[in-house]
Amino acid sequence: YQDPSKDTVQYEESLDARDLRSHWSIESTPDIGSYWIRNRTTGDSLHIAQQTGAIQIGTFLDNYSSQHWTFEADSNYYRIHSTWKPEHYW
């Protein structure tokens, strides 16, 4: 979910599904197979621009490739993969 006091994605098992901070939209970028992941409440986007080792949240900028993601199937789930830094997976 997005905590306004932090600049990284937070995880909370007990967070109520109705809490809009935990709602994300997946939108196609102009690059085929690449997506933006944006918070539905704020419009902010997931990115790895500062390369801290964590997924960060910041203002949506459509020209920043650090905000582009792909989804790779891995068994029964998907991993998100940065298209800007291909070696980065989450």
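Owing to the predicted nature of the structure, the values given are computational and were not obtained by experimental measurement.
Closest of all the heavy-atom pairs between Trp84 and Ser66 is CE3-CB, 3.5 Å. Summarising the geometry of His68 relative to Ser34, their closest heavy-atom pair is CB-OG, 3.2 Å, with the distance given to 0.1 Å. In terms of heavy atoms, Ser22 sits closest to Leu15 at CB-CD2, 3.6 Å.
Between the side chain of Arg40 and the backbone N or O of His23 there is no donor-acceptor pair closer than 3.5 Å. The backbone N or O of Ile57 lies less than 3.5 Å from no partner atom in the side chain of Gln67, so there is not a single donor-acceptor pair. Although no hydrogens or angles enter the test, the distance criterion places a donor-acceptor pair under 3.5 Å between the side chain of Trp69 and the main chain of Leu46.
The side chain to side chain contact (heavy atoms under 4.5 Å, CB included) check on Ile26 picks up Tyr35, Phe71, with sequence neighbours excluded.
Counting non-hydrogen atoms of neighbouring residues, nucleotides and ligands closer than 6.0 angstrom, the CD atom of Glu87 exceeds 12 such neighbours. Atom CG of Asn76 has 12 or fewer neighbouring heavy atoms from other residues, nucleotides or ligands inside a 6.0 Å radius.
Annotation: salt bridge (Lys or Arg N to Asp or Glu O under 4.0 Å) contacts involving residues 71-86, sequence neighbours excluded, comprise Asp74-Arg79.
The structure places CG of Asp7 at 12.5 Å from CD1 of Ile55, a figure rounded to the nearest 0.5 Å. Rounding to the nearest 0.5 Å gives a distance of 11.0 Å between OG1 of Thr42 and CG of Leu20. To the nearest 0.5 Å, atoms NE2 (His47) and OG (Ser65) are separated by 12.0 Å. Between the CG atom of Asp19 and the OG1 atom of Thr41 there is a distance of 8.0 Å, given to the nearest 0.5 Å.
Residues Ile37 and Tyr64 do not share a hydrophobic cluster, defined by chaining ILVMFWY side chains whose heavy atoms lie under 4.5 Å apart.
Using modelled atom types and a 3.5 Å distance limit, the side chains of Glu27 and Ser25 yield a donor-acceptor pair.
Trp36 shares a hydrophobic cluster with Phe60; the chain of contacts runs through ILVMFWY side chains whose heavy atoms sit under 4.5 Å apart.
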